[in-house]
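One structure below.
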2 protein chains.
Amino acid sequence: MSPSPNAPTPVAIPEPTLKRLPYYYKFIQGQREARRDFVSCTTLAEALGLNPIQVRKDLQATGAVGRPKVGYHVETTLDAIEECLGYHNTQDIFLVGAGHLGQALLAYPGFAEIGFNLVAAFDADPAKVGREVAGKPILEASRLSDLVRRMHIQIAILAVPAAAAQMVTDTLVRAGIRAIWNFTPTRLAVPREVLVQDENLLASLSVLSKQLENSRVKSHKESIHGKPEEL
Amino acid sequence: MSPSPNAPTPVAIPEPTLKRLPYYYKFIQGQREARRDFVSCTTLAEALGLNPIQVRKDLQATGAVGRPKVGYHVETTLDAIEECLGYHNTQDIFLVGAGHLGQALLAYPGFAEIGFNLVAAFDADPAKVGREVAGKPILEASRLSDLVRRMHIQIAILAVPAAAAQMVTDTLVRAGIRAIWNFTPTRLAVPREVLVQDENLLASLSVLSKQLENSRVKSHKESIHGKPEEL
DNA sequence: TAGATTGTTAATCGATTAACAATC
DNA sequence: TAGATTGTTAATCGATTAACAATC
């Protein structure tokens, strides 16, 4: 499954697909526990509220191959998704900022399941430094740069106050970080080769609230004009 | 700005645009503090690492109008975004599940700034019930349904263990909830009229890690073939 | 064999980007 | 006036959906 040195560069999997794969994975795991050997894309689609064709395309992107009339083999498909999402290759990551959210992330047991080892947190607040959360130490912020370098940390979680976001980012970048999972509402300035994944919680909530408002207007209009509900 | 009863239904604003608006808002606020009266889409685009044309389109969607050669008026543009994202109309919301993540959300002061009033949390754990986090009470889960109904709560944050996600969702739906901000890794089954915004943290981290892997392969290939870096 | 299900190729849809006219 | 900047219309791009052939 992993490409040989001379294999053509695998086509990058679209982000929407990547975001759906964990749902397939979870559902197919359930099928395994239920001792089922095969699962069809129709079953998956129905359970997850998706289009069966989309499920097929998504699974195809992982390299999973189905058998007509039978469906996808549970074991090999789980393997394909694991391989695709890198659940196998364990990777050490750092957390910067041990506030409420940071500590919640520190305590979160889910990372290990998908191949991440959250090693330590860093914070500038002396009251927090030296404490542990879920067995993970909170270290002095000044040690961040050196440890990123020495431990070849590639991914950092950024959960500091907005005001400190860019400064901490600059430190991380100078220390050689490759990717930042950004929980601050700041758009970070980084060199091209550094990846940033924004997790702007307030923005997501705003989206939801706006969509709610839209649906209110729409259903109001529909109740006036008697427009039938579509699928 | 808000549509009159007979106005045509405003075109729904695309989700990608909605997610970018908070960044514009924050930056333009900064301009206001710097006593600037106008801001151009070029300035915005540069500061946020976006395409100027995209910024223009996004602002247009909020109803903001710019002046050629001058740019967008800071005050009225901020108003337009506030109006568009509903920062004005305050809304009560509930949190279900007061674990680490839930408590972090309870303590988060940002919701109020964008018009949300996180009133209370609910949890099934008697050890948590009765406590307060940041002045917000944690209430007995059995009271959830009744209070959603009585207080006409429209939006709930779901931060319960995955195993309880669907059950709690069913309760919320029966109580008349209109939208769920879902922090569990479960795809919730809900009636058509109920909105769900998924916040699947593990999925996001997987995406980041996968993109990192891709970029490694790519930059390796480039270093072999000497492909010049593009903008 | 017949029918269910996958895989592939084409059509659609929506968001982004480009080109250019309008205007302060 | 000239030039910078917006607004609009068209082109591109990528993801989703549809149609249909292949196959167990």
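As a basis for the values below, the full set of heavy atoms in this structure was taken, side chains included, without hydrogen atoms, waters or symmetry mates. Here is the naming used below: chain letters follow the sequence lines, and residue numbers restart at 1 for every chain.
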So [Y] and [X], do their side chains get closer than 4.5 Å, heavy atoms only?
X: B:T169; Y: B:V196; value: no
X: A:S206; Y: B:K19; value: no
X: A:H73; Y: A:R67; value: no
X: A:C84; Y: A:L21; value: yes
X: B:Q91; Y: B:N117; value: no

> Among residues 19-46 of chain B, which contact DNA chain D at a heavy-atom distance under 4.0 Å?
Replying inline: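 Residues of residues 19-46 of chain B under 4.0 Å from DNA chain D: B:S40, B:C41.
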> Listed in order of residue number, which residues of residues 65-77 of chain A have a non-hydrogen atom at under 4.0 Å from DNA chain D?
Replying inline: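 Contacts with DNA chain D under 4.0 Å: A:P68, A:K69.
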> With respect to A:L95, which candidate in A:L106, A:V160, A:L158 satisfies the side chain to side chain contact (heavy atoms under 4.5 Å, CB included) definition?
Replying inline: A:L106
>> Using Watson-Crick or G-U wobble geometry with both distances under 3.5 Å, which nucleotide pairs with C:dA11?
In response: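 Across any shown strand, C:dA11 pairs with D:dT16.
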> Taking any strand in view, what nucleotide pairs with C:dA21 in a Watson-Crick or G-U wobble way, both distances under 3.5 Å?
Replying inline: D:dT6
Please report, rounded to the nearest Å, how far the [atom2] atom of [N] is from the [atom1] atom of [X].
X: A:Q60; N: C:dT6; atom1: CD; atom2: P; answer: 11 Å
X: B:K57; N: C:dG14; atom1: NZ; atom2: P; answer: 14 Å
X: A:L59; N: C:dT8; atom1: CG; atom2: C1'; answer: 16 Å
X: B:I53; N: D:dT8; atom1: CD1; atom2: C1'; answer: 12 Å

>> Tell me whether the side-chain N/O atoms of B:N51 come closer than 4.0 Å to OP1 or OP2 in C:dT16.
In response: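 No, outside the criterion.
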>> At less than 4.0 Å, is any side-chain N or O atom of B:Q54 found next to OP1 or OP2 of C:dA18? Yes or no.
In response: no
> Strictly by modelled atom types, are A:Q166 and A:D170 linked by a side-chain donor-acceptor pair under 3.5 Å?
Replying inline: yes
> Does A:P16 or A:R56 map to a spot on DNA chain D nearer the 5' end, using the closest nucleotide for each?
Replying inline: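 Between the two, 5'-proximity favours A:P16.
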> Would the number of heavy atoms belonging to other residues, nucleotides or ligands and lying under 6.0 Å from CD of A:E46 be above 12?
Replying inline: no
>> If I compare all heavy atoms of B:G49 with all of A:R187, which pair ends up nearest, and what's the gap?
In response: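 Heavy atoms of B:G49 and A:R187 come nearest at O-NH2, 4.3 Å.
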